[in-house]
Amino acid sequence: MISYNDLTLPERALWDAFPEGRRVDLRVGTPEADRVSGGMEWGADRTVRAAVIGALLLGANAAQPGAVACLKLAGARIAGHLSLAGAQIEHALWIEECWFESAVDLLGASAQTIVMTGCRVPGIEADSAHIGGNLDLRRSVVESLTSSPFNNISTALSLSDAKVAGGMLLNGAHLRAPGGLAMAAGGLVMGGGIYCNRGFVARGEIRLVGAQLPRGLFMRGSHLHDPGPHGVALALNNAVVSRLDFSDGFIANGTVKLRSTQISDRVGFEGGTLNGSPDGNVPALQCRLMQAVDVDLTLTRPPTGAVDLRGAQVSYLYDSEQSWPAVVQLEGFVYGSVKKEESGERRDSVNHRLAWIRRSPGYSPQPYEQLASWYRTIGHDDDARQVLLAKQRHRRRAMPWPVRGWGHLLDATVGYGYRPWLAGIWLLALTLLGTLAFRTQSPTPVKQGEGAPFQPLVYTLDLLIPIGGLGQRTAWYWTDPDPQWLAYALLASGWVLTTAIVAGVSRTLQKN
């Protein structure tokens, strides 16, 4: 038990102020002396034992009638370990610019609003805690614990399976666990948003796997450095979120993982930077199976690692020349609309989109078919055919050489069925060739005095059209080998051209 007689002067001031919710400010008023980083040098006149704070929060000094008890303390050196694991804390905790000697333990505790702004804390353990108001750590420096019950590696802020009824305010905060977990909050359930804006820095992985964030995660201008053991800067796998904001100078040096994340509104990376690794061992962005409405990837420069969008579903995708690295995995990616930002406007071109698809390793038909479907939806049928033609050409490169040969023939004659007008050009060219060649020759009739007179144009068309007949091919023959071989060549060309037309058009009708 804490005895009033054993309290120091600052502790008595805090004890007396608590029932009325008055603030005790131990700062001396000079910036140098009040700098929290030097709190270890503060003397007894600015020192409060953690045990005294714990006793007050657990009801050691009852509230006065007509007043709301609250612990408010500023500019103190808090000595000892503040252990409130499993406690039922009925009063709010407001601590400002204090230096903690040891970690804060809120494991499994139930508390009201917790405010620790501008403080230096060697770790906060709050796994399975229930916080009925806000958790405010603005401008605080939270350093790593050696371990916690839920994490076997160094962790700065531990909130696994915790519930926070209000918001979490981390603007300007520094969470430091290089190579470990800056924040371990798997299964976190929030009532409000998480705000990590204006100078927030994390050294170590931020882990929010399976978290429920109905008011969103806002990290405008945040910097994520020294990723966790697997190169991950931010993990939101299987989370349910309303909105994600990684804009206005956001930097992630490590993978941002949004695998199977469900986002009911928007994901914004405009003005952000994603750094994975150029060798592809650490991707910059992993969005496999993600679901979102709007995704804005107008980054400041291309990511230095791969971007994985396999199986993701979005309604609107916005990108720019700076959005994509050398490797983009697109298999199974489904979108309702995709737009390119250029000079402040939303523009797009089929060549830009095809170059985007070709960044995907190997051959997969789905990215081409998805893009063609979108072009058809917006009425760009010519662009859709160009995309499907590019799909066939890409597929051809993955086939054995005999199949590639047939593919080249289909491409040259009818564009795989997407350019049927090519057949007309070939037919016109061959007809002109045959007509000019045969008009200078004199063929021999099969039966003298019978049949129609020789017509070079009709004879050439009769050779090129293998189905049916115009009566010229069977009525005349050549004794000179040169026109005879030309006739054979035109006859063979007619069969090849007809076969290519049938094959190409059949493929087009069957698949599209």
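Atom set for the values below is all heavy atoms of this structure, side chains included, hydrogens, waters and symmetry mates excluded.
A parallel orientation is assigned to the rings of Tyr195 and Phe218, their planes being inclined by less than 30° (bins at 30° and 60°). Between Phe333 and Tyr335, the ring planes are tilted. Angles from 30° to 60° get that label. Ring geometry, Tyr316 versus Tyr318: the interplanar angle falls under 30°, so the pair is classed parallel (tilted spans 30 to 60°).
The shortest non-hydrogen separation linking Leu217 to Val241 is N-CG1, 4.2 Å. The minimum heavy-atom distance between Ala211 and Ala185, with the atom names listed, is CB-O, 4.3 Å. The minimum heavy-atom distance linking Cys119 with Glu97 is given by the pair SG-N, 3.7 Å. Across all non-hydrogen atoms, the minimal contact from Ala372 to Ala384 is O-CB, 3.6 Å.
Using modelled atom types and a 3.5 Å distance limit, the side chains of Gln262 and Asn238 yield no donor-acceptor pair. Between Asn253 and Arg203, the side chains place no donor N or O within less than 3.5 Å of an acceptor N or O (distance only, hydrogens not considered). With hydrogens and angles left out, the side-chain atoms of Asp245 and Ser247 include a donor and acceptor closer than 3.5 Å. Under the 3.5 Å distance criterion, with hydrogens and angles disregarded, a donor-acceptor pair is assigned to the side chains of Ser158 and Asp127. If you check the side chains of Ser264 and Ser242, you find no donor sitting under 3.5 Å from an acceptor.
Between the OG atom in Ser323 and the CG atom in Leu317 there is a gap of 7.5 Å [rounded to 0.5 Å]. A distance of 10.5 Å separates OG in Ser110 from NZ in Lys163, rounded to the nearest 0.5 Å. From Leu137, atom CG reaches atom CE of Met168 across 7.5 Å, with rounding to the nearest 0.5 Å.
The side chain to side chain donor-acceptor pair (under 3.5 Å) test with Arg385 is passed by exactly one of Asp382, Asp381, Asp383: Asp382. With Leu258 as reference, Leu236 is the one residue of Leu289, Asp308, Leu236 to meet the side-chain contact (heavy atoms from CB on, under 4.5 Å) rule.
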Q: Run the numbers on His394 and Tyr368 for ring-ring contact (aromatic ring centres under 6.0 Å, His included), then give the verdict.
A: CA-CA 10 Å; His394 192 171; Tyr368 290 99; 5.7 Å; yes
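A donor-acceptor pair under 3.5 Å is formed between the side chain of Ser349 and the backbone N or O of His352.
Here Asp319 does not pair with Lys340 in a salt bridge; the nearest charged N to carboxylate O distance is not below 4.0 Å. Here Arg176 pairs with Glu143 in a salt bridge; the nearest charged N to carboxylate O distance falls below 4.0 Å.
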